[in-house]
Structure formats: C-alpha cells, structure tokens
Undergrad: 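Quick one: the structure is below, and I'll ask about it shortly.
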Amino acid sequence: MGDTFIRHIALLGFEKRFIPSQHYVYMFLVKWQDLSEKVVYRKFTEIYEFHKMLKEMFPIEAGEIHTENRVIPHLPAPRWFDGQRAAESRQGTLTEYFNGLMGLPVKISRCPHLLDFFKVRPDDLKLPTDSQAKKPETYLVPKDGKNNVADITGPIILQTYRAIADYEKSSGTEMTVATGDVVDVVEKSESGWWFCQMKTKRGWVPASYLEPLDSPDEAEDPDPNYAGEPYVTIKAYAAVEEDEMSLSEGEAIEVIHKLLDGWWVVRKGDITGYFPSMYLQKAGEEITQAQRQIRGRGAPPRRSTIRNAQSIHQRSRKRLSQDTYRRNSVRFLQQRSRPGRPGPLSTDGTKDNPSTPRVKPQPAVPPRPSSDLILHRCTESTKRKLTSAV
C-alpha cells in the first residue's frame, strides 16, 4: 500500500448552523488516494489558522525570506463578519486557494499538516438531533458557478458582549479589548477562546473577559452530566486555584460539566475539579490536531484570575462549587453501582431517587455517510446536480 495523500479537494457549499451560536461552516468533498470520498466541515477561522501554520512550516515557499519565491497561495484574513453574504463570497476564494495548494510540490501538497486537517472528525459524522430547535441550513455551490442573489438572506444577528477588564493580546490572532468595550461574538469555541469583532478589529478573546449585556447568567452553559464523558489529557496542568485539578499528560478522566469559558469540570475517581478543555481530547480520537492547536494558543485565563473586573450586573454568574459537584457526583456513582436497589421509576425507565441528580439520556447519533452527507436535505433535482458536479 502506498503513502496516504489527497487527490482532489472540492468545495460543495456552506452550511448555516445554530449550535452553540449561529455560525457558518464550509463543506468539502475530499478524494483520497484509495478512491474513497469523504465530506468534511470546516470553519473559516480554522482554515485561516491552518494557512498561517502552513506558512510557518514552509517560510521559503511562503515568501517570508524572498517574496519572489512565494508559491503558497494567499488567503485573506477573516474580515468584518456580515453573515451569509460573506460566507457566499468566500467560496470562490477557497476554491482557488485549495486548487493552488494541490498543485504545489509534494512536500507541501502531501504534508502531514494538510492531511491531518482534512481527516474525518467525529463532528463531521453527526446528524442534527430532533431536540435542536433549528436544523442546519445547507447552501450548495451552483453548478454554473454563479451566485443566486435571491437565495441570500440578510446579515446574521450576532450576540453582543461587554469586556469586564482590560485584555492585551499576546499573538497576532488575538484581539486587545479595554474595560467596557462592546464586541460582537462571531464564534464560540469549546476551548474558551471566542472570535470577536469590534469596528474594524477582529480576533480571539478569552470568554472569561466577556459578559452578556442583558443578563449575568450564561444561559447556553449546559447542565452537568454526572454520567461523564471519557477524555484523555494531552498536556499536563498544575492547579493554581483550590478548585482546579492537577493532571499529568495521558491521564484518563471523565468530563461532567462543559462550561463555555473553556474550563471544564472533570472527575477522576471521586475527585472533581476545573481543568482547561484545550488540554483534553476525547478518548480514542487522534490527538495530533489538538496538540498543534495548543502550540498556537494556550489555555485562556479563568475569571477568578482577572484583577479589577468590573461587571455591569449586580450579581455574578451562578456557578456550582466543587463541593456541590463532588457531592452530586458521588451520589450518582453510588446509585449507578447499586442498580438493583428498589425505588420508583421515572418516565424514562430509570430509578427515580430525589437525592440523585437527574441525568438526561444521550440520544444515539447515527453515523453520517460520506458522499451522501447532505443529500437528505436536498431535492431530487439538487441531488442530481451535486452528483454530477462531484
């Protein structure tokens, strides 16, 4: 069997999503050397950071030493975010960019960085669940390459947040904010870094430095899941605060609460504590991409470490104490270890113990087929167009 490489990358279109907040992802059909075809979804911010790292890996070909030697194509930085029109207009740019990359020498077009970026991720296979209030909306690239203006909706309505303290950026991809600055949040990453815009500035800002204007509570934070999800630490962290947990690289833990600021509550045995989500990876998944992201940006600061924070709300966000997490977690584990204990059953068939935290059952997610990934949302005529285009 020969080396793994990509034969062709085709942009199929883009998709508007609404979880955890409204954003756009681009759909790529990736044809591999074994003739398999996979559909993957990538955000523009991910693509741009992939591009910046590619330039760092090949400085000569990027023209960093002599501009006349540049062969890596240009890619505009994320600009003022104006919703669906921006997502539509970038399609031509992305098509030219990846066509250009695939035509470069093998050391670039088949480098591990490119191959890892387009490998299928678990999120690429997930179908929208029935519990979602709004399903993703798919927009395919027209066969003739022309944009249909009638299909373009108005600008996206972004969530507005306020900075509670001064933050000075430490890299070119971050954004400096001052206390009281009002920003629009374009993307909320699970890492706790949010991509924001303010007038003509754009960049990543720690979520801990931002608060919603209308309410002190972050309504999008999910409820704790005391059943836990298996994760593995990909970088060691030594606790700084009393409610944090120190872990070495390679330790297996369970995540019981995923908070939007990037500091998740994890459990090891019957001990719980905060741990940076950037240093975690789901058990059984490839860690190369996650480790590369860590090198580009570290874990965001915690709210408790911010000095002179100035909130406009009289009360702060409600957060559970680690004592509460530990107590509820121990109760859940004890109840799970004694399944035969008598007790009233709840509506979902599990034993209903008032002292035990209710855990919502996680629906099974069927795998999403590769090339037919988006055909279930298209008309029959669109299916024929997509099949012929591919």
Side-chain angles (χ1 to χ4, degrees), residues 19-20 121-123 125-127 129-132 190-192 218-287 290 299 302 304 317-367:
I19 304 296
R121 304 172 184 171
D123 287 346
L125 303 175
K126 289 182 180 178
L127 284 168
T129 62
D130 293 335
S131 61
Q132 292 182 11
E190 281 192 336
S191 66
E218 184 54 77
E220 294 175 355
D221 274 339
D223 293 330
N225 173 21
Y226 290 102
E229 291 184 57
Y231 275 75
V232 177
T233 59
I234 58 175
K235 183 176 180 179
Y237 175 77
V240 177
E241 306 291 330
E242 291 184 359
D243 54 1
E244 297 174 357
M245 184 178 287
S246 296
L247 293 171
S248 303
E249 181 178 342
E251 292 198 52
I253 53 90
E254 293 176 300
V255 173
I256 62 176
H257 202 181
K258 296 181 177 180
L259 300 170
L260 290 182
D261 63 3
W263 285 85
W264 292 356
V265 181
V266 304
R267 177 176 64 207
K268 188 171 180 63
D270 58 356
I271 304 299
T272 68
Y274 288 111
F275 196 83
S277 63
M278 284 196 73
Y279 300 164
L280 296 172
Q281 180 77 358
K282 278 190 176 181
E285 291 187 4
E286 174 61 43
I287 67 172
R302 283 189 62 191
S304 60
R317 295 180 187 177
K318 296 178 180 178
R319 286 290 170 92
L320 298 177
S321 67
Q322 285 303 321
D323 285 340
T324 303
Y325 281 120
R326 292 188 190 98
R327 188 165 55 250
N328 290 343
S329 181
V330 168
R331 287 175 180 171
F332 179 88
L333 295 175
Q334 290 175 343
Q335 180 70 11
R336 187 169 62 180
S337 65
R338 295 194 293 270
R341 243 183 123 173
L345 292 178
S346 63
T347 55
D348 60 4
T350 59
K351 294 193 180 298
D352 195 0
N353 187 340
S355 64
T356 303
R358 294 295 304 277
V359 179
K360 298 180 180 178
Q362 302 297 320
V365 179

Undergrad: Run the side-chain hydrogen bond (donor to acceptor under 3.5 Å, both in side chains) test against Glu190 and tell me which residues pass, sequence neighbours left out.
TA: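 side-chain hydrogen bond (donor to acceptor under 3.5 Å, both in side chains) list for Glu190, sorted by chain: empty.
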Undergrad: Working to the nearest 0.5 angstrom, can you tell me the gap between Glu242 CD and Ser304 OG?
TA: 11.0 Å
Undergrad: So how far is it from Glu251 CD to Lys268 NZ, rounded to the nearest 0.5 Å?
TA: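 Result: 4.5 Å between the selected atoms.
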Undergrad: Does any part of the side chain of Asp243, heavy atoms only, come nearer than 4.5 Å to the side chain of Arg302, both counted from C-beta?
TA: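 In contact.
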Undergrad: Flag the pair Pro224 / Val265 as yes when at least one side-chain heavy-atom distance between them is below 4.5 Å, and no otherwise.
TA: no
Undergrad: Who are the side-chain contact (heavy atoms from CB on, under 4.5 Å) partners of Ala239, not counting sequence neighbours?
TA: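 Expected list: Glu244, Ser246.
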Undergrad: Among residues at least two apart in sequence or on other chains, which ones pass ring-ring contact (aromatic ring centres under 6.0 Å, His included) with Tyr237?
TA: Trp263, Phe275
Undergrad: Working to the nearest 0.5 angstrom, can you tell me the gap between Lys258 NZ and Tyr231 OH?
TA: 3.0 Å
Undergrad: Between CZ of Arg267 and CD1 of Ile253, what distance do you get to the nearest 0.5 Å?
TA: 9.5 Å
Undergrad: Would you name the heavy atoms of Ile271 and Arg326 that are closest together and state the gap between them?
TA: CG2-NE, 4.5 Å
Undergrad: Who pairs with Tyr274 by ring-ring contact (aromatic ring centres under 6.0 Å, His included), at least two apart in sequence or on another chain?
TA: none
Undergrad: Rounded to the nearest 0.5 Å, what's the gap from CG on Asp223 to NE2 on His257? Could you check?
TA: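 Asp223 atom CG to His257 atom NE2 measures 6.5 Å (nearest 0.5 Å).
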Undergrad: Can you sort out the partners of Ser321 under side-chain hydrogen bond (donor to acceptor under 3.5 Å, both in side chains), two or more places apart, ordered by chain and number?
TA: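 If we apply the side-chain hydrogen bond (donor to acceptor under 3.5 Å, both in side chains) test to Ser321, skipping adjacent residues, the hits are Thr324.
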Undergrad: If I compare all heavy atoms of Ser248 with all of Ala236, which pair ends up nearest, and what's the gap?
TA: CA-CB, 3.9 Å
Undergrad: Within a strict 4.5 Å, meaning less than it, do heavy atoms of the Val266 and Val255 side chains meet?
TA: yes
Undergrad: To the nearest 0.5 Å, tell me how far Asp123 CG sits from Lys282 NZ.
TA: 6.5 Å
Undergrad: How would you list, by chain and number, every residue that makes a side-chain hydrogen bond (donor to acceptor under 3.5 Å, both in side chains) with Thr272, sequence neighbours excluded?
TA: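 Scan of Thr272 (side-chain hydrogen bond (donor to acceptor under 3.5 Å, both in side chains), adjacent residues dropped) gives Gln322.
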Undergrad: Using the side chain to side chain contact (heavy atoms under 4.5 Å, CB included) rule, pick out the option among Ile256, Leu333, Val330 that qualifies with Tyr226.
TA: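 Testing each of Ile256, Leu333, Val330 against Tyr226, the sole residue satisfying side chain to side chain contact (heavy atoms under 4.5 Å, CB included) is Ile256.
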Undergrad: Which heavy atom of Leu280 sits nearest a heavy atom of Trp264, and at what distance?
TA: CD1-CE3, 4.0 Å
